[in-house]
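These numbers come from a predicted model, not from an experiment. Start at 1 and go down the list; that is how both ligands and their atoms are numbered. All residue numbers refer to positions in the sequence shown, counting from 1.
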Amino acid sequence: MTATYDGLLRDAAAALSAAGLDNVRFEARLLLAHATGLSIEQLIARGNEMAPDAVGAALRELTARRIQREPMAYILGEREFWGLPFKVSPAVLVPRPDSETVIEAALALLADRDRPWRILDLGLGSGCLLLTLLRELRAARGVGLEVSEPALAVARTNAAALGIGARAELLLGDWREPGWRDRVGGPFDLLVSNPPYIEAGAIAGLMPEVSRFEPKLALDGGADGLAAYRAIAAEAPRLIVPGGRLLLEAGEGQAPEIYKIFQSTGFTAEASWKDLGGIDRVVSLTY
Ligand code: GLN
């Protein structure tokens with residue numbers, strides 16, 4: 001079944017469209033680029049050339065994965081966050097634009113880019129929060145805690161690729177187990193986290209990309225979605241310097257409850273940070 005690059009692109013886009021997906025031309029182009037190793041520009045230039053049969057077969061395989069609703073980021077193995085390339089695997093949550101709100105808030109609060117800030121990230125995943133902050137704050141040092149070994153491996157790969165491995169101490173550990181606080185050290189100037197915050201019973205009803213493919217460990221916040229915040233709140237007073245900050249990602253509508261949890265362990269609430277959709281996405285607390 002010989003076809004041109006443009007022909008393959010049209011077929012892939014039609015298959016994605018028939019499966020009810022959006023942005024099908026764009027996704028088909030990215031899949032074809034992935035299948036060929038060529039850039040989007042090279043593919044446009046070669047549109048009328050015949051593609052090797054193996055390329056057609058590879059593209060159909062990638063397209064079939066997408067039709068099953070596997071996230072593009074897992075198929076491509078990479079996702080951009082704050083303009084930086086992050087490797088991803090199904091062991092980590094796909095970095096989302098909403099989480100860039102944490103970065104925006106942190107850079108506003110830690111305005112002096114040359115200070116040796118100490119930053120803690122609980123639940124590293126790909127490392128997108130901590131590693132982006134270490135890129136932006138060139139004298140800062142960070143500690144990250146991650147419960148999943150394959151996720152930690154992804155974060156370590158990203159730290160090395162971004163050239164900040166020497167300033168990032170990335171540890172395996174579980175905040176649900178007693179004694180975890182002693183392992184991460186501190187105290188820190190800033191604690192960031194995008195903890196699991198979906199109500200356990202709501203996960204099955206999320207988009208199939210999320211419910212079927214993303215790690216439950218990174219999503220499941222227990223019955224009311226707030227279990228991780230309670231665990232963090234119990235230890236956070238001893239992790240933060242006086243005047244230090246907590247910036248925690250929150251699900252829609254959760255901010256008031258999260259503020260209550262942290263106020264009960266001695267924190268003071270500051271104004272929340274909104275994401276691009278106008279939702280209170282990041283709660284800010286000081287100690
Ligand atoms: N932002 C993710 C979602 O809404 C959830 C991430 C999380 O639980 N931290 O799908």
Quiz item: Looking only at heavy atoms, what is the nearest atom pair of Leu130 and Leu170, with distance?
Solution: CD2-CD2, 3.9 Å
Quiz item: Where does Leu206 meet ligand 1, judged by heavy-atom distances below 4.0 Å: at the side chain, the backbone, both, or neither?
Solution: neither
Quiz item: Within a strict 4.5 Å, meaning less than it, do heavy atoms of the Asn194 and Val102 side chains meet?
Solution: no
Self-check item: For atom 8 (O) of ligand 1, the protein heavy atom that lies nearest, with its residue and separation
Solution: Tyr197 N, 3.0 Å
Practice problem: Would you mind reporting whether Val283 and Tyr229 have side-chain heavy atoms less than 4.5 Å apart? | Solution: no
Exercise. May I ask you to decide whether Asp98 forms a salt bridge with Arg96, counting only side-chain N to carboxylate O separations under 4.0 Å?
Key: no
Exercise. Please report which non-hydrogen protein atom sits nearest to atom 4 (O) of ligand 1, along with the residue it belongs to and the distance in Å to one decimal place.
Key: Ile198 CD1, 4.0 Å
Practice problem: Go through ligand 1 atom by atom and flag the ones less than 4.0 Å from a non-hydrogen atom of Leu93. | Solution: 6 (C)
Exercise. Just let me know how Arg96 lines up against ligand 1, side chain, backbone, both or neither, with a heavy-atom cut-off below 4.0 Å.
Key: side chain
Quiz item: Is any side-chain heavy atom of Trp117 closer than 4.5 Å to a side-chain heavy atom of Leu133?
Solution: no
Quiz item: In terms of atom number and element, which parts of ligand 1 are under 4.0 angstrom from non-hydrogen atoms of Asn194?
Solution: 7 (C), 9 (N)
Exercise. Determine whether Leu122 and Trp180 make a side-chain contact, defined as any pair of heavy atoms from C-beta on separated by less than 4.5 Å.
Key: yes
Quiz item: For Asp98, is the nearest heavy atom under 4.0 Å from an atom of ligand 1?
Solution: no
Quiz item: Should Pro195 be counted as touching ligand 1, given the test is an N or O pair under 3.5 Å?
Solution: yes
Exercise. Answer yes when Arg245 and Asp189 have at least one side-chain N-carboxylate O distance shorter than 4.0 Å, and no when they do not.
Key: no
Exercise. Work out whether the distance between some heavy atom of Gly251 and some atom of ligand 1 is less than 4.0 Å.
Key: no
Quiz item: Taking only heavy atoms of Ala218, which atoms of ligand 1 are found under 4.0 Å from at least one of them?
Solution: 7 (C), 8 (O), 9 (N)
